[in-house]
Structures are given as C-alpha cells and as structure tokens.
Amino acid sequence: MQKHPIFNWPLRSIFWPPTLIAKQFTSVLYFNHLVGWSKFPNWLLKHSFKSLPVAAGSIGMGCIGFPAHPAWEVTSACNLRCIHCHVAGSKPAKDELTTDEARRFIDDLAGADEFRMLVYTGGEPLMRPDLLELLHHSKKAGLTNVIATNGTLITEDVAFKLREAGVVGAAVSLDSSQSAIHQYIRRNDDAFNLAMRGIQALKKAGILLQINVTAMAYNFSGLDELIELADSEGSGIMLMYQLVPVGRGNAIEEAALDINGNEKLLKFLACKQKNVSTIIEPVAGPQYWPYLMERGGKSNGIWLKLAKQVFHGCAAGRGFVYIKANGDVWPCPFVEINAGNVREASFRKTWRESEVFVNLRNRENTLKGDCGECKYRTICGGCRGRALAYHGDYLAEDPSCFLHPNR
C-alpha cells in the first residue's frame, strides 16, 4: 500500500539531504568565482544558513531565486496601486480559493517531493483575512513559508506573528532609495516610510530580509544607491526584476528596458556584486549567467558542464510555478498561460503532466529562433515572459538577448 504523503512531511521539515545543501553551496561557490565577490565571506557568515530554508529545494541558481519555487497569489487585493503591477490588484477577486480549498491545495503541493517551501504573494498577501491560518497550515504540512509583500502593513506585532506562523523569509518590494520615486511608482505618499518600518520589524523578528526591485526607466539611474541601502539594511537576497509589460505594466511599456538596457543592467549587477554582501539575482534577465561565463572565459568544456548543473536561467515551468488566487496554475506571473486549476485537477498532476510545463522543461528541443539554437539554452533559455509579451509565443526567442552574435 502506498504511503500517504502526509507521513513524509515532518521528516522533510527537519531533514535537509546533504546532496541538496551541496548543490546550493556549489551554485554559490561558482557564482562567487565568476563575479569575484569580495564580500562573499560576509554573506556566508551572516546570511547563508538563513538563506537555506528560503531557497528550500533549490538545485541551482535561476532567474527568480531558485527552481522548485512555488509562488501562490493568495489574493488580488492590495492596499497600493503600483503602476507596474502584473496582478493589477485592488479588490479581492470573487473566485479566490476559500480557506478549505486553500488547505487542500497546500496539502496537494506538500505531497510533491520537489517542493519544500511556499511563497505567499499577491496583491498584498496581508490583505487576506485567513493568511495566518493558512501559514500555520503549510507550516504543519512541513513547508517553510516565505512572504512577498509591499511591507506597508507590517508592524512589530505582525512580524512576530508571521515568524510564529513559520515565515522564515520576507521579500519586501522597494523601488528606490528616494522616497519620492518609490512613492510615485507605488502611488502612495506613505509607501516608503511604511515599507522601511516593515523592514525594521521583520529584522527584529529574526526573519531573513529579501529586497525585490523592478528595474525600469523610472528608477534605473538610482539602482546603485538602492543596492547600497538594501545592503546596509542587511538584506540577504535581492531579486532584481525587470519590467515585463503585463497587467498594469502594459500601460507603461515604454519604461521597460530594451536590449541595450538589459545588457547595461546585467553588466552593472556583475560589477556591483563584487563589493556588497547581499546576493543579487536578476529576474527576466537570464542572460546574466552566460554573460558571467563568457566574461570570465569559462564558457566551454568542464566549465560549461558545471554551469549546466548550477545555473538554470529562466525557471518558468521548470522549477518555478505560479498559482493564481482562483487556483489557475501558470508557469510564471509573466507567462500568462493557464495550465490547469487546482479546483478541477490535482496540482501535482498539472505540474507534472501539462503540455506547457513539459515544453518548458524540454528547452533543448522546444525553444525557437536564436534561443533554440543557442548553446546556453539550458543555462539561460531566454525570458519566456518577454517572449510571450512581445511575440505572443512563450517558446519564441527573447527579444532582449544581447549575447547572440546577430543581435
């Protein structure tokens, strides 16, 4: 008789396979080697052990943190009206999963061996009334919890309640070190001060701080100062998103970085990484990994073989999965393709068998154009969200790739 997955949960929550830790550590070591990271010892001492549960299930570095990385948009409700929001959140959707449906989804997800963590996002997840109840449920299911938030609703009391509910990491969105720019993007005159209050509360509660940034024309010139701010606040991780024109971002498509902007950003990050303790990973810029290899003369032979083990580029559908508030399952928030719904079919079945996920995992044979012919298609693979936004085909070439010789 097959053992029910629930019996594996307690063990999984306390046992970290040595191979899993080794893969994570090898990824960071190779990254350190490629960028010449002078502050790597600082990160190792201050953030590495706290980062392990946040990167739970990781098998290498991808463009959105790590693969085996499920993010659940628990509500489309939000207290802000950010100009670039892919959700375009405001009020809760009428068809959001109920508490009972949400519990069943969490149990289904926890039964998949490759997942050890769950990211609660939105909208603004703290706008969902039963959030703490759901966090406690996933904690009992053996999952580590991460919350992605705008930070404005987090007081010390809220931060400690999140910690009690199993939240080990919090990704706070911050778009500029200048309050006026951040507040322009967030459409709220108190957004910066409230986010900084939230950051202090999370740190006091002992939750690993992650800063999420969306690079675009409005804040590009101030990214250097923003990284310095994140580093000084003790951020262990920074995800550097690029604006992909979906949701409200459709209305500001001209603010998205073009091919030259993508190149400029990734080269800047490689240079900046040398002297900050926070580890910066680009999102929607998977060309970062092959760029680092080519810059260091490590793009062939054993270095290429090693890179295929530790760098995975665009993680959409290959390890990253995005669950909408109504239960629809997407490969990524920027790849707006519904592969199934957790109300109608098992999440695990959708994750393992749907055509869109199978295609994204088979990048050697499914990608088109320059991406399909590129030797870095498993290390980078191009941003699938950009391919869909600009070509209408999630398997098309990434229009922002600056590495291919005929660009």
Side-chain angles (χ1 to χ4, degrees), residues 13-62 64-69 116-117 119 144-148 151 154 156 159-160 162-163 166-172 174 177 196 198-213 223-240 268-283 288-289 292 296 306-307 309-311:
S13 66
I14 61 174
F15 176 68
W16 290 84
T19 53
L20 190 63
I21 297 174
K23 286 178 179 177
Q24 293 181 10
F25 193 61
T26 302
S27 300
V28 178
L29 278 178
Y30 191 24
F31 176 68
N32 168 51
H33 174 71
L34 289 175
V35 298
W37 191 7
S38 66
K39 295 294 183 73
F40 175 61
N42 298 40
W43 181 87
L44 204 60
L45 290 171
K46 292 166 60 178
H47 304 301
S48 59
F49 288 105
K50 277 192 173 183
S51 296
L52 272 174
V54 175
S58 88
I59 52 173
M61 286 183 162
I64 187 159
F66 292 84
H69 190 94
R116 291 172 172 263
M117 58 93 79
V119 180
T144 53
N145 295 325
V146 175
I147 187 169
I154 299 180
E156 283 190 16
F160 278 94
L162 291 173
R163 179 61 187 259
V167 173
V168 299
V172 178
L174 203 61
S177 61
M196 294 304 296
I199 285 170
Q200 301 310 316
L202 291 163
K203 288 161 59 178
K204 191 167 184 177
I207 295 173
L208 177 74
L209 175 64
Q210 172 178 316
I211 297 296
N212 285 0
V213 187
L223 291 179
D224 190 290
E225 292 80 6
L226 180 55
I227 293 171
E228 291 289 342
L229 174 63
D231 198 40
S232 68
E233 290 293 340
S235 175
I237 304 167
M238 172 179 269
L239 291 189
M240 182 66 68
F268 159 71
L269 294 182
C271 181
K272 189 65 182 176
Q273 182 69 76
K274 296 178 184 179
N275 298 310
V276 292
S277 297
T278 185
I279 187 168
I280 311 167
E281 291 198 54
V283 179
Y288 191 50
W289 317 110
L292 291 177
L306 176 60
Q309 300 302 312
V310 300
F311 297 146

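Owing to the predicted nature of the structure, the values given are computational and were not obtained by experimental measurement. Below, each value reflects all heavy atoms present in this structure, side chains not excepted, and no hydrogens, waters or symmetry copies.
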Centroid-centroid distance, Phe311 to Tyr288, less than 6.0 Å
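So the answer is no for these two rings.
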May I ask you to test the [X]-[Y] pair for a side-chain heavy-atom distance under 4.5 Å?
{"X": "Lys204", "Y": "Glu156", "result": "yes"}
{"X": "Gln309", "Y": "Thr26", "result": "no"}
{"X": "Val168", "Y": "Ile207", "result": "no"}
{"X": "Trp289", "Y": "Leu34", "result": "no"}
{"X": "Leu223", "Y": "Leu269", "result": "no"}
{"X": "Phe40", "Y": "Val35", "result": "no"}
{"X": "Leu174", "Y": "Asn212", "result": "no"}
{"X": "Ile211", "Y": "Leu209", "result": "yes"}

Working to the nearest 0.5 Å, report the span between CD of Gln210 and CD of Glu281.
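Here the interatomic distance stands at 9.0 Å.
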Starting at CG of Asn32, measure out to OG of Ser27 and round the result to the nearest 0.5 Å.
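Going from CG on Asn32 over to OG on Ser27, the span is 12.5 Å.
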Could you pull out the closest heavy-atom pair between [X] and [Y], with the gap in Å?
{"X": "Ala230", "Y": "Met238", "answer": "CB-CE, 3.4 Å"}
{"X": "Ala148", "Y": "Val119", "answer": "CB-CG1, 4.3 Å"}
{"X": "Ala159", "Y": "Ala201", "answer": "CB-O, 3.4 Å"}
{"X": "Gly236", "Y": "Leu208", "answer": "CA-CD1, 4.2 Å"}

Pair Val283-Met240, side chain to side chain contact (heavy atoms under 4.5 Å, CB included): steps then yes or no:
CA-CA 6 Å; Val283 179; Met240 182 66 68; over 6 Å; no
Evaluation steps, side chain to side chain contact (heavy atoms under 4.5 Å, CB included), between Ile280 and Ile227
CA-CA 9 Å; Ile280 311 167; Ile227 293 171; 3.9 Å; yes
Excluding sequence neighbours, so at least two apart, what forms salt bridge (Lys or Arg N to Asp or Glu O under 4.0 Å) with Lys203?
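By the salt bridge (Lys or Arg N to Asp or Glu O under 4.0 Å) rule, Lys203 matches Glu233.
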Answer yes or no: is there a donor N or O on one side and an acceptor on the other, between the side chain of [X] and the main chain of [Y], under 3.5 Å?
{"X": "Arg163", "Y": "Gly206", "answer": "yes"}
{"X": "Ser232", "Y": "Leu229", "answer": "yes"}
{"X": "Thr278", "Y": "Gly234", "answer": "no"}
{"X": "Asp231", "Y": "Ser277", "answer": "yes"}

Could you walk me through whether Leu292 and Gln273 pass the side chain to side chain contact (heavy atoms under 4.5 Å, CB included) check?
CA-CA 12 Å; Leu292 291 177; Gln273 182 69 76; over 6 Å; no
Going by side-chain hydrogen bond (donor to acceptor under 3.5 Å, both in side chains), name the pairs with one or both residues in residues 33-44, residues two or more places apart or in two chains.
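Found Ser38-Asn275.
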Check the pair Met117 / His69 against side chain to side chain contact (heavy atoms under 4.5 Å, CB included), numbers first and verdict last.
CA-CA 7 Å; Met117 58 93 79; His69 190 94; 3.8 Å; yes
